[in-house]
Amino acid sequence: MDNSSYCIGGRSMGAKSQIGEMVRSKALAQCGLVLLSLWLCIHSVPISVEKAKDKPEVEELEPPQSADTGLHYDRYLREVIEYLEKDPHFREKLKNANMDDIKQGKLSKELDFVQHNFRTKLDELKREEMNRLRLLIKAKHDVQEGNGNTLDHQALLKQFEHLNHMNPHTFEVEDLDRLIQSATKDLENYDKERHDEFKRYEMMKEHERRERLETMNEDDRRKEEQHYEEMKMKHANHPKINHPGSEDQLKEVWQEADGLDPEDFDPKTFFKMHDSNGDGFFDESELEALFTKELEKVYNPANEEDDMVEMEEERLRMREHVMNEVDTNKDRLVSLSEFIAATKKEEFHEKDEWETLDQNPIYTEEELREYERQLANEANDINVKAAELHKQKEELERKQEELNSQRLGLKQAMDEMERIKAQSLNAEVKQPGGLMAEGEPAPVVPRNTRPLPPGRQQQDVPVPGHS
């Protein structure tokens with residue numbers, strides 16, 4: 001059976017459970033810039049050289065408007081960048097730095113020349129980040145202990161890779177170097193993780209479709225298979241998809257989105273029109289926005305056969321393709337010069353149709369079988385855990401019954417003691433001479449109970465009339 005995946009007959013419940021994460025990941029990555037992108041964005045901000053020389057101490061920058069990168073330390077990353085960019089010396093060094101200098105940590109050494117007030121703020125940011133990570137690790141530890149699982153200390157330590165946790169008080173050169181290295185590595189792996197997540201989503205959808213078929217009788221199964229094939233054909237029947245970043249694709253945007261004559265297409269004008277934030281670069285979200293017209297040819301949220309999660313995966317593939325072709329310095333940004341240079345390449349006039357997901361199977365049959373084995377093992381582990389919890393519940397209920405029985409016995413014993421005590425007191429009250437006329441107890445004369453010395457033991461005193 002063909003392993004190409006489609007949203008046919010509605011999404012299965014298990015696949016739905018992954019959609020939220022896919023969409024959230026997409027939202028995070030839509031405008032996400034890598035650390036290097038954030039550094040290099042300042043090239044596009046016009047700076048008056050004379051002003052910088054005359055009054056460097058009053059130069060202030062607006063906080064960066066970049067979107068969430070999706071990293072767990074995103075806020076810390078953006079706040080560090082914000083304050084470093086406010087320092088005139090560091091900003092100037094940053095403007096003149098090249099990609100190799102940034103990656104090799106040469107720029108980090110300039111931290112020693114950052115103004116004291118900014119260094120103080122960076123120290124404060126680091127302490128806040130350390131506190132956040134401690135709380136995060138404590139929460140994970142509590143959850144793991146509660147589930148009876150062994151804590152993976154190595155995995156927890158990775159949470160601290162973007163800073164020097166051995167010095168929790170001050171932000172130093174090593175902290176900046178670690179932050180740059182971690183953000184670069186993590187964001188390079190971010191797209192791969194999204195692809196892996198999408199593959200799991202597709203395999204889950206196919207797995208549940210096959211499971212559903214197994215529950216049907218032969219007639220219903222035949223109808224379902226026929227419907228499935230019809231939806232596949234309907235999904236594949238769409239207009240030509242232009243190669244992302246090609247002349248035909250950009251001219252289509254120029255005509256349909258911008259309302260301009262394709263014959264008047266001008267790359268520089270096109271770039272400036274679609275550089276939505278005016279920073280002189282196409283970031284990932286601005287690039288992906290250019291593919292909307294192409295994607296609408298294939299995907300329609302109103303159609304049963306079209307899966308919007310697959311549409312976002314298609315958008316990601318298109319963006320990666322353009323970045324690989326155009327982003328020559330690999331900073332995950334497309335500058336105007338890179339864009340113009342790309343329009344002069346032979347590939348820009350590519351006429352071949354873009355191959356969509358349905359033409360490129362996401363997984364093999366062997367990968368699906370392995371995934372199903374993993375699901376079966378996970379289900380078995382859950383069943384074992386459920387059985388253990390059931391036994392623990394029964395044991396707790398038994399102990400609770402024993403405890404309740406003990407409490408009842410103790411209460412009965414205490415009640416009996418109170419009853420006996422009350423009877424004893426009543427008996428004493430009823431004895432003759434037990435009370436004085438006024439109702440007070442008769443005084444008791446104490447007797448000498450100390451033993452007499454040897455030889456002076458008390459002897460019987462004869463009573464008259466007795467022998």
| task | Applying side chain to side chain contact (heavy atoms under 4.5 Å, CB included), run through R332 and L287 and close with a yes or a no. | result | CA-CA 11 Å; R332 296 173 73 102; L287 269 180; over 6 Å; no
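- Atom OH of Y83 and atom CZ of F171 lie 13.0 Å apart (nearest 0.5 Å).
- Using cut-offs of 30° and 60° for the angle between ring planes, the F270 and F339 rings count as parallel.
- A pairwise comparison of heavy atoms in Y201 and D307 identifies OH-OD2, 2.6 Å as the closest pair.
- With sequence neighbours excluded, the residues satisfying side-chain hydrogen bond (donor to acceptor under 3.5 Å, both in side chains) with E395 are R398.
- Looking at H321 and M318, their side chains never come closer than 4.5 Å, going by heavy atoms from C-beta outward.
- Contacts of R222 classified as salt bridge (Lys or Arg N to Asp or Glu O under 4.0 Å), with partners at least two apart in sequence or in another chain: D219.
- Salt-bridge check for E367 with K199: passed, with a basic side-chain N closer than 4.0 Å to an acidic carboxylate O.
- Every side chain to side chain contact (heavy atoms under 4.5 Å, CB included) that D112 has, sequence neighbours left out, goes to R119, V173.
- Residues passing the side-chain hydrogen bond (donor to acceptor under 3.5 Å, both in side chains) test with D123: none are found, sequence neighbours excluded.
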| message | Could you walk me through whether E313 and L316 satisfy the side chain to side chain contact (heavy atoms under 4.5 Å, CB included) test, starting with their C-alpha distance in whole Å, then the side-chain angles of each, then the deciding distance to 0.1 Å, before giving a yes or no? | response | CA-CA 5 Å; E313 174 70 9; L316 173 60; 4.0 Å; yes
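- T364 and E366 form no side-chain donor-acceptor contact under 3.5 Å, judged by distance and modelled atom types alone.
- A pairwise comparison of heavy atoms in P267 and I340 identifies CB-CD1, 3.7 Å as the closest pair.
- Between the side chains of E320 and N324, no donor N or O sits under 3.5 Å from an acceptor N or O.
- E294 contributes atom CD, which lies 10.5 Å from atom CD of E314 (distance to the nearest 0.5 angstrom).
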| task | Decide yes or no on side chain to side chain donor-acceptor pair (under 3.5 Å) for H243 and E325, but give the supporting numbers first. | result | CA-CA 12 Å; H243 227 70; E325 295 290 327; over 6 Å; no
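- With contacts defined as side-chain heavy-atom distances shorter than 4.5 Å, the pair R127/M130 does not qualify.
- Between atom OG of residue S246 and atom CD of residue E347 there is a gap of 11.5 Å, rounded to the nearest 0.5 Å.
- Take K240 and apply the side chain to side chain contact (heavy atoms under 4.5 Å, CB included) test, not counting sequence neighbours, and it matches N242, E353.
- Under the 4.5 Å side-chain criterion, counting only non-hydrogen atoms from C-beta, L163 is not in contact with Y73.
- Side-chain contact check for E79 versus E129: every heavy-atom pair is 4.5 Å or farther apart.
- Partners of N117 under the side-chain hydrogen bond (donor to acceptor under 3.5 Å, both in side chains) rule, at least two apart in sequence or in another chain, do not exist in this structure.
- Separating the CG atom in L295 from the CG atom in D306 is a distance of 11.0 Å, to the nearest 0.5 Å.
- Going from atom NZ of K121 over to atom CG of D87 covers 15.5 Å, rounded to the nearest 0.5 Å.
- Taking 4.5 Å as the limit, every side-chain heavy atom of L333 sits out of range of all side-chain heavy atoms of E286.
- Side-chain contact between L84 and L111 is present, with at least one heavy-atom pair separated by less than 4.5 Å.
- A cation-pi arrangement, defined by a distance under 6.0 Å to the six-membered ring centre and an angle within 45 degrees of its axis, is absent between K268 and F271.
- Figure legend: cation-pi geometry between R132 and Y76 absent, as NZ or CZ is not positioned both under 6.0 Å from the six-membered ring centre and within 45° of its axis.
- Below 30°, between 30° and 60°, or above 60°: for H235 and H238 the angle between ring planes is above 60°, a perpendicular geometry.
- Here the side chains of L336 and D275 are not in contact, with every heavy-atom distance at 4.5 Å or above.
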| request: Report the C-alpha separation of Q181 and R178 in whole Å, then their side-chain angles, then the decisive distance to 0.1 Å, and conclude whether the side chain to side chain contact (heavy atoms under 4.5 Å, CB included) test is met. | output: CA-CA 5 Å; Q181 299 299 329; R178 286 194 179 205; 5.8 Å; no
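- Separating the CG atom in L213 from the CZ atom in R221 is a distance of 7.0 Å, to the nearest 0.5 Å.
- If you look at Y371 and H207, their ring centroids are not closer than 6.0 Å.
- In this structure, Q359 and T356 have side chains that are in contact, with non-hydrogen atoms separated by less than 4.5 Å.
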